[in-house]
J.: 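Dropping a structure here in structure tokens format, bear with me for questions.
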Amino acid sequence: MKMNDIKTLYHILSAEFGPLYDWWVAGSPFERIAGAILVQQTRWENVDRVLTELKNRDLMSPGSIAALPLEELEDIVRPTGFYRNKAKSLKAVAEYFTASPIDSMSNKPQHVLRKELLALRGIGNETADVILLYVAGKPSFVIDAYTKKLCGCMGIQGNYAELQRLFEDALPRDVPVYQHYHALIVEHGKRYCGRKGCDSCAVARLRKYRGTPAFELAKP
DNA sequence: CTCCAGGAGTGTA
DNA sequence: TACACTCATGGA
């Protein structure tokens, strides 16, 4: 049963990595949004430099980025790779949040907000869900590369929407739970999903639990 | 030198 | 719908 595997994996990862409170430190909501875009297909260490540089130049706000010439933004964003794409994306997102403030996201229905985010340049499924979950506080489970890899190890295949529905069906519809699980998957992935293969991958441990009743998740 | 990281957009069948 | 290709820097 796929749903049992999803639940069991959460407990296995929880036991190994702990609660991971505030694993994503950011100085402001917009800093998280910027980080969500810059981290695409890149290591976080590179993103951190750019975020620091933006703050040093006092540019960490939608208005500042929107007003910044594209060429200057490209120059700042360069260390994260794909700098032409990311500069354009960051600018589009900054313009969007200049027109409709970040705080106003909580007033919109989740599916409406998701659609608006997806319409922006450089925001696909994953980045939209990251912003929904970590900035807007909406219960939208994030499916990233590590999650897909992990699902593959468990023999679960499917496109983005299918995997997302699987996780959301298996878990209580709760923002902290979604954030925690995503954080656990990332921490596990950085450790075990590297080029060395998945010898000590959590899925190897998961197999021992198969056939036993699923863990019951604590009510939030 | 080679490989690839917490993706997304575009073009093709 | 489902892939292949492209974008690019920095670290191991």
J.: Looking at A/Arg43, does any N or O in its side chain come under 4.0 Å of the phosphate oxygens OP1/OP2 on C/dT9?
T.: no
J.: Heavy atoms only, 4.0 Å cut-off, all strands: where does A/Tyr83 land among base, sugar-phosphate and nothing?
T.: sugar-phosphate
J.: Provide, to the nearest angstrom, the distance between the CD atom belonging to A/Glu74 and the C1' atom belonging to C/dC7.
T.: 12 Å
J.: Whole angstrom is fine here: how far is it from CD1 in A/Ile76 over to C1' in C/dT9?
T.: 16 Å
J.: Quick one: A/Asp75 CG to C/dA8 C1', roughly how many Å, whole number?
T.: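 That distance rounds to 14 Å.
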J.: Rounded to whole Å, how long is the line connecting atom CG of A/Asn46 with atom P of C/dG11?
T.: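 Roughly 6 Å, once rounded to whole Å.
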J.: Nearest to the side chain of A/Arg49 - C/dG10, C/dG11, B/dG7?
T.: C/dG11
J.: Would you please indicate yes or no on a ring centroid separation below 6.0 angstrom for A/Phe167 and A/Tyr178?
T.: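 Ring centres of A/Phe167 and A/Tyr178 not closer than 6.0 Å.
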J.: Within 45° of the ring axis of A/Tyr134 and under 6.0 Å from its six-membered ring centre, is that where the NZ or CZ of A/Arg32 lies?
T.: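 Negative - A/Arg32 is either too far from the ring of A/Tyr134 or too far off its axis.
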J.: A/Asp48 CG to C/dT9 P: how many Å, rounded?
T.: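 Distance, rounded to whole Å: 20 Å.
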J.: Please state how far atom CZ in A/Arg78 lies from atom P in C/dC7, giving the value in whole angstrom units.
T.: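 Distance, rounded to whole Å: 15 Å.
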J.: What integer distance in Å separates A/Glu45:CD from C/dT9:P?
T.: 18 Å
J.: How does protein reach along nucleotides 8-13 of chain B, written 5' to 3' as B (base within reach of a heavy atom under 4.0 Å), S (only sugar-phosphate), or - (no contact)?
T.: SSS---
J.: Sequence neighbours left out, what pairs pass salt bridge (charged side-chain N to carboxylate O under 4.0 Å, His left out) with at least one residue falling in residues 20-30 of chain A?
T.: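 For residues 20-30 of chain A: none.
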J.: Measure across A/Lys86 and A/Leu38 and return the closest heavy-atom pair with its distance rounded to 0.1 Å.
T.: NZ-O, 2.8 Å
J.: Evaluate the side chain to side chain donor-acceptor pair (under 3.5 Å) criterion for residues A/Arg121 and A/Asn85: first the C-alpha distance (whole Å), next the side-chain angles of each, then the deciding distance (0.1 Å), finally the verdict.
T.: CA-CA 9 Å; A/Arg121 173 94 192 190; A/Asn85 289 335; 4.5 Å; no
J.: From C/dA2, C/dG10, C/dC7, pick the nucleotide closest to the side chain of A/Phe82?
T.: C/dC7
J.: Any strand counts, and the cut-off is 3.5 Å on both contacts for Watson-Crick or G-U wobble. Which nucleotide pairs with B/dC1?
T.: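 Paired with B/dC1, as far as the under-3.5 Å criterion goes, is no nucleotide at all.
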J.: Whole angstroms only, please: what is the CD-C1' distance between A/Gln41 and B/dA5?
T.: 6 Å
J.: Please name all residues satisfying side chain to side chain donor-acceptor pair (under 3.5 Å) with A/Thr127, sequence neighbours left out, ordered by chain then number.
T.: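 Here the qualifying residues are A/Gln40.
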J.: Are A/Glu116 and A/Lys108 ion-paired here, with the side-chain N under 4.0 Å from a carboxylate O?
T.: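 A salt bridge is present here (some side-chain N lies under 4.0 Å from a carboxylate O).
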J.: In whole Å, measure the gap between the P atoms of B/dG11 and C/dA8 for me.
T.: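 Each nucleotide's P atom is 16 Å from the other's.
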